[in-house]
Amino acid sequence: MRPVPGVVMTAAAADLLARLRERHGPLMFHQSGGCCDGSSPMCYPRGDFIVGDRDVLLGVLDVGDGVPVWISGPQFAAWRHTQLIIDVVPGRGGGFSLEAPEGVRFLSRGRVFTDEEAELLAATPVITGAAYGRGERPPERGQVMALDQ
């Protein structure tokens with residue numbers, strides 16, 4: 001079995017990311033830990049948010065040349081059992097994320113990994129900001145996922 005991506009997206013998120021990419025160029029996410037932006041996934045032009053050496057790459061979404069999704073190391077430790085699902089909902093977020101003028105906001109949903117997926121992930125080293133800077137990349141990209149309604 002191939003490793004499961006740590007992050008996937010809904011079709012609505014993929015569509016919005018494609019539009020934002022046309023306007024802003026390559027993109028990235030950082031999954032916030034709370035405070036001002038309420039733990040929302042924040043979308044930035046790639047390079048506008050400085051990724052720390054200990055931040056963890058959850059995965060790369062399969063839009064354009066790829067949209068890396070980062071999370072802080074301590075937050076990753078708390079969420080490592082969960083696949084992040086990037087979705088879009090109506091409303092305005094509280095941060096500086098690129099979708100704010102669109103009248104929608106990105107939202108993180110989660111899905112607990114199966115035991116088999118968790119075993120595969122435990123055997124796969126995480127990619128930190130430092131390792132990404134050296135060229136390491138995940139083996140799979142996060143695809144579009146349908147939410148169970």
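This one's a predicted model, so the numbers in the text were calculated from it and none came from an experiment. Quick note: numbers below take in every heavy atom, side chains included, and nothing from hydrogens, waters or symmetry partners.
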Distance col, row Leu58:CG vs Ile127:CD1, nearest 0.5 angstrom, shows 10.5 Å

Val51 versus Gly129, closest heavy-atom pair with distance | CG1-CA, 4.0 Å

Out of curiosity, Asp48 CG to Phe96 CZ, how far, rounded to the nearest 0.5 Å?
-> 12.5 Å

After noting the C-alpha distance and the side-chain angles of Phe106 and Leu16, does the key distance pass the side-chain contact (heavy atoms from CB on, under 4.5 Å) rule?
-> CA-CA 9 Å; Phe106 287 111; Leu16 180 56; 3.6 Å; yes

Quick one: pull up CG in Leu98 and CE in Met28 and give me the separation to the nearest 0.5 Å.
-> 10.5 Å

Gln75 side chain to Ser72 backbone, donor-acceptor under 3.5 Å | no

Rounded to the nearest 0.5 Å, how far does CD of Glu22 lie from CG of Leu17?
-> 11.5 Å

Just by modelled atom types, is the Cys43 backbone N or O under 3.5 Å from a matching donor or acceptor in the Ser97 side chain?
-> yes

Specify the closest pair of heavy atoms between Gly59 and Pro138, including all atoms of both residues, with the distance to one decimal.
-> CA-CG, 4.4 Å

Give, for atom NE2 of His30 and atom CD1 of Ile71, the distance between the pair rounded to the nearest 0.5 Å.
-> 7.5 Å

Tightest non-hydrogen contact, residues Ala13 and Ile86, listed as CB-O, 3.3 Å

Within the distance-only criterion (no hydrogens, no angle test), does the side chain of Gln83 pair as donor or acceptor with the backbone N or O of Pro5 below 3.5 angstrom?
-> yes

Cluster question for you: counting only ILVMFWY and a side-chain heavy-atom cut-off of under 4.5 Å, with indirect links fine, are Leu61 and Trp79 together?
-> yes

For the residue pair Arg21 and Gly64, what are the closest heavy atoms and their distance?
-> NE-CA, 3.6 Å

Mind checking whether Val104 and Val144 sit in one hydrophobic cluster, side chains of I, L, V, M, F, W, Y counted as touching below 4.5 Å?
-> yes

Please name the pair of heavy atoms, one in Ala123 and one in Pro125, separated by the smallest distance, quoted to 0.1 Å.
-> O-CD, 3.7 Å

Does the ring-ring contact (aromatic ring centres under 6.0 Å, His included) test come out yes or no for Trp70 and Tyr132, once each step is laid out?
-> CA-CA 11 Å; Trp70 296 93; Tyr132 191 84; 5.1 Å; yes

Are Val126 and Val7 connected in the hydrophobic side-chain network, where two residues link if heavy atoms are under 4.5 Å apart?
-> yes

Can you get from Phe49 to Met42 by hopping between Ile, Leu, Val, Met, Phe, Trp and Tyr side chains that sit under 4.5 Å apart?
-> yes

Begin with the C-alpha distance, continue with both residues' side-chain angles, and end with the deciding distance and a verdict on side-chain contact (heavy atoms from CB on, under 4.5 Å) for Arg111 and Val4.
-> CA-CA 12 Å; Arg111 179 186 71 83; Val4 62; 4.0 Å; yes

May I ask you to check whether over 12 heavy atoms, not counting those of Arg137, lie within 6.0 Å of atom CZ?
-> yes

Find out whether Arg80 and Leu121 are in side-chain contact, i.e. whether some heavy atom of one side chain is under 4.5 Å from a heavy atom of the other.
-> no

CD/Gln31 to CG/Asp55 distance, rounded to the nearest 0.5 angstrom?
-> 11.5 Å

In terms of heavy-atom contacts, Pro45 and Leu27 come closest through CA-CD2, 4.3 Å

Please examine the side chains of Arg109 and Thr10, heavy atoms only from C-beta on, and report whether any two atoms are closer than 4.5 Å.
-> no

